[in-house]
Structures are given as C-alpha cells and as structure tokens.
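Heads up: numbering here begins at 1 and tracks the sequence.
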Amino acid sequence: MTPERKETKFDYSRYDLYKKCPQSYYWKYEENRVPKTPPNLYYALPGIVIQKLFEHFYNDCWYLKRAACREFMYNKAPEIYEKTLKYTTVDWQSKIAKKTKQQVFDELLDMIGRNLDVIKDKKLLGPIAKSEYKLQSYFESNKYVLLTSKVDFLIKNATDGLMILDGKATSNKNNYLKNPEQLYFYAMIYKFKHGVYPDKIGYWFWRTGELVFVPFDESNIEKLKEDMKDVLYKIYKKKFAATPEYSTCLFCNYQEECLDRKKHCAEKSAEKTAKITQSDLDAFL
C-alpha cells in the first residue's frame with residue numbers, strides 16, 4: 001500500500017533560508033533543533049516593536065482615537081517595548097549593540113510620530129486596512145504544497161488601490177530594493193487566493209517614513225515559481241548540504257555548532273595570512 005502523502009506547509013521564510021543554507025533549513029525545520037545559544041535580536045528589536053504598535057493601530061482601531069491617537073501611542077510604547085523584551089533575547093553587552101536600551105527606545109518614539117504622519121499624508125486608511133493579514137493558498141494546482149504567509153499590511157484606498165506593504169526598520173534599504181522576492185511571494189499567493197494581483201506592493205521603511213513601491217509583472221512571478229519548485233524538489237530529495245558564506249553565516253542561529261562554518265572561516269583566515277616568499281626574505285636579509 002502506498003503511504004499517504006502529507007501536505008507540506010511552505011512560506012517565504014523557509015524558502016529564503018533554504019536558499020541561504022540548506023543545512024540551516026534542515027536543522028530548523030526538519031530537526032526542530034534548538035540553537036545552543038539563543039540568537040541576539042538586537043538588530044531585529046526596533047522592527048518587532050514598531051510593527052507591533054502599528055498592528056494595534058490598525059487591528060485594534062487605535063486610529064479611531066483621532067487627535068488623541070498620537071499621544072495614546074506614545075503612552076503605550078513603553079508597555080509594548082518591555083513586553084517584547086520579555087520574549088526576545090537581546091544582549092546589550094554584545095559587540096553589535098551600539099546603542100543602549102534607552103537609546104533604542106528613543107528611536108522608536110521618533111518612528112511613531114514620523115509614521116503617523118505617513119499614514120495621514122499617504123492616506124493609509126480605507127475600506128481595507130489590516131495588519132498581520134493571513135494569506136493561505138495551495139501552490140498552483142498542487143494540493144500537497146500549502147503556501148502560508150502573514151503580510152504586514154493590507155491596505156486599500158482610493159489613491160493607490162489595494163496595497164501589500166512590508167514594514168522594515170532597516171537603515172540599509174538597498175538590499176531589499178535589489179531583491180524584492182518577498183514582495184513577489186506576497187503578490188503571488190494573493191493571486192492564488194483571490195484571482196487577481198494587488199495593485200501595488202512595496203516597503204514601508206520605518207526609520208525614514210518612506211513608502212517605496214516595487215514594480216512587478218508576470219515574469220517576476222513566474223521566475224519565483226520556478227525557483228520555488230527547484231527548492232521544494234531539493235527538499236523532497238533531502239539535499240541539505242551546508243553552503244557557508246560570510247553574509248549568511250553572520251546571522252545564522254547555528255553558528256557555534258556548525259563545523260562547515262568553522263572550516264570556512266579557518267580557510268578564509270588562512271587566505272588572508274601573508275605568505276612570505278623567497279624574494280621577501282632576500283629583500284629583508
């Protein structure tokens with residue numbers, strides 16, 4: 001008897017992690033391995049907190065407070081900040097922590113006012129205005145691959161139509177604008193679910209208070225589909241070899257236990273070591 005094939009749930013985080021390092025994907029999603037050292041979420045903290053505040057703004061209708069909304073959000077910020085710190089690990093003594101806990105909080109207060117102004121200027125309220133909006137659909141006609149996602153913001157207004165916006169608290173916008181695959185993923189799954197693409201997709205950059213829309217067409221979506229099929233096939237075939245690279249290993253949760261990473265670092269270090277040649281010795285002597 002042929003065993004019943006299980007449904008595979010797949011989201012952008014899984015797809016992106018596999019592309020960066022199949023071994024890290026395997027440890028996280030196949031083995032459910034807990035990292036030896038909890039990841040330091042210092043860099044992620046501002047984005048987590050500001051996203052949570054504006055999630056409340058939309059889903060709990062804080063905007064109905066109208067003129068009192070701004071002060072209300074400032075007053076709620078300390079509570080949300082401290083609550084977030086209880087379930088995240090932030091090492092304020094680490095080398096990457098350039099700011100103190102209070103300095104990061106002060107930055108968050110600046111972002112609140114700046115982005116409330118964005119909502120007013122860009123009219124980011126309308127008949128549809130939701131945060132952490134859940135999307136779920138099968139991958140084309142494949143009933144064994146269920147795509148899931150939560151988009152940061154789904155907003156429809158008279159000016160821009162239906163928008164999917166992804167909030168980012170980064171100070172480096174170029175990395176996201178050069179490779180907006182995550183937004184393509186959201187547009188694709190929305191089309192699978194509702195039969196049409198959103199009118200616009202884009203990033204909401206919290207630090208600068210900018211909306212940057214990303215153009216897309218069918219060719220972008222088709223390429224993403226093919227890349228995803230390739231990743232899914234490799235996962236099915238259990239291809240989980242490590243692919244250590246500085247840019248991916250830097251924020252990997254399994255740094256301390258990954259032998260491939262340690263070997264890669266040792267090789268790179270050896271390459272940088274100056275090699276003394278005979279001519280160097282002759283010149284010195």
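Ion pair K143/E7 not flagged as a salt bridge, since none of the NZ, NE, NH1 or NH2 atoms sits closer than 4.0 Å to an Asp/Glu carboxylate oxygen. A salt bridge links K168 with D166: the closest approach of a Lys/Arg side-chain nitrogen to an acidic carboxylate oxygen falls below 4.0 angstrom. A salt bridge between K122 and D117 is absent, with no side-chain N of the basic residue lying under 4.0 Å from a carboxylate O of the acidic one. Under a 4.0 Å N-O distance rule, the pair E30/K238 does not qualify as a salt bridge. Between K86 and E82, none of the side-chain N atoms (NZ, or NE/NH1/NH2) sits under 4.0 Å from a carboxylate O, so this pair counts as no salt bridge. E55 has a carboxylate O that lies under 4.0 Å from a charged side-chain N of K52, or vice versa, which qualifies the two as a salt bridge.
Under the 3.5 Å distance criterion, the side-chain polar atoms of D199 are matched with a main-chain donor or acceptor of L162. Side-chain atoms of Q103 come within 3.5 Å of backbone atoms of T100 as a donor-acceptor pair (strictly under, hydrogens ignored). At distances below 3.5 Å, not a single donor-acceptor pair connects side-chain atoms of E132 with backbone N or O atoms of V151. Under a 3.5 Å cut-off, the side chain of S137 and the backbone N or O of L146 do not form any donor-acceptor pair. Proximity of a side-chain donor or acceptor of K239 to a complementary backbone N or O of Y236 within less than 3.5 Å is not detected. Under the 3.5 Å distance criterion, the side-chain polar atoms of N115 are matched with a main-chain donor or acceptor of M111. Under the 3.5 Å distance criterion, the side-chain polar atoms of R207 are matched with a main-chain donor or acceptor of A169. In this structure, N59 contributes its side chain and S131 its backbone to a donor-acceptor pair below 3.5 Å.
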Verdict with supporting geometry, E107 and K99, side-chain contact (heavy atoms from CB on, under 4.5 Å): CA-CA 10 Å; E107 286 185 336; K99 297 182 176 67; 2.7 Å; yes

Steps toward side-chain contact (heavy atoms from CB on, under 4.5 Å) verdict (Y15, L232): CA-CA 8 Å; Y15 165 72; L232 286 163; over 6 Å; no

Assess whether side-chain contact (heavy atoms from CB on, under 4.5 Å) is satisfied between F57 and L125, documenting all intermediate values. CA-CA 11 Å; F57 174 87; L125 283 170; 4.3 Å; yes

Pair E226, M228 - check side-chain contact (heavy atoms from CB on, under 4.5 Å), show working. CA-CA 5 Å; E226 292 306 311; M228 286 180 60; over 6 Å; no

After noting the C-alpha distance and the side-chain angles of D217 and S219, does the key distance pass the side chain to side chain donor-acceptor pair (under 3.5 Å) rule? CA-CA 5 Å; D217 57 30; S219 64; 2.4 Å; yes

Hey, mind stepping through F139 and F10 against ring pair (Phe, Tyr, Trp, His ring centres under 6.0 Å) and telling me if it holds? CA-CA 9 Å; F139 188 6; F10 203 63; 8.3 Å; no

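The ring pair (Phe, Tyr, Trp, His ring centres under 6.0 Å) analysis of residues 116-136, with sequence neighbours excluded, yields no pairs. Counting only residues at least two apart or in different chains, salt bridge (charged side-chain N to carboxylate O under 4.0 Å, His left out) contacts with residues 170-193 comprise K19-E181, K173-E210. Counting only residues at least two apart or on different chains, no side-chain hydrogen bond (donor to acceptor under 3.5 Å, both in side chains) pair has a member in residues 145-154. Screening residues 102-130 for ring pair (Phe, Tyr, Trp, His ring centres under 6.0 Å), with sequence neighbours left out, gives Y81-F105.
Expressed to the nearest 0.5 Å, how far OH of Y74 lies from CG of L53 amounts to 11.0 Å. Within the model, atoms CG of L165 and CZ of F213 stand 6.0 Å from one another, a figure rounded to the nearest 0.5 Å. Rounded to the nearest 0.5 angstrom, L17 CG and Q23 CD are separated by 11.0 Å. For the atom pair CZ of F192 and NE2 of H194, the computed distance is 13.0 Å after rounding to the nearest 0.5 Å. If you take CD1 on I189 and CG on L147, they are separated by 5.0 Å, rounding to the nearest 0.5 Å. The CZ atom of F240 lies 12.5 Å from the CH2 atom of W27; values are rounded to the nearest 0.5 Å.
In terms of the side chain to side chain contact (heavy atoms under 4.5 Å, CB included) criterion, residue partners of Q93 (sequence neighbours excluded) are, by chain and number, D91. Taking Y25 as the reference, Y18, Y29 meet the ring pair (Phe, Tyr, Trp, His ring centres under 6.0 Å) condition, with sequence neighbours excluded.
In this structure, Y190 has its ring center at least 6.0 angstrom away from the ring center of Y197. Aromatic pair W206/F54: ring centres closer than 6.0 Å.
Side-chain contact of N157 with T159: a donor-acceptor pair under 3.5 Å is absent, judged by distance alone. Side chains of S94 and N40: a donor-acceptor N/O pair is present below 3.5 angstrom, by distance only.
Counted within 6.0 Å of NZ on K9, heavy atoms from surrounding residues, nucleotides or ligands total 12 or fewer; the atom is thus considered open. Counting non-hydrogen atoms of neighbouring residues, nucleotides and ligands closer than 6.0 angstrom, the OH atom of Y42 exceeds 12 such neighbours. Within 6.0 Å of OH on Y87 lie more than 12 heavy atoms contributed by other residues, nucleotides or ligands.
Residues F205 and T208 form a side-chain contact, since some pair of their non-hydrogen atoms from C-beta on lies under 4.5 Å apart.
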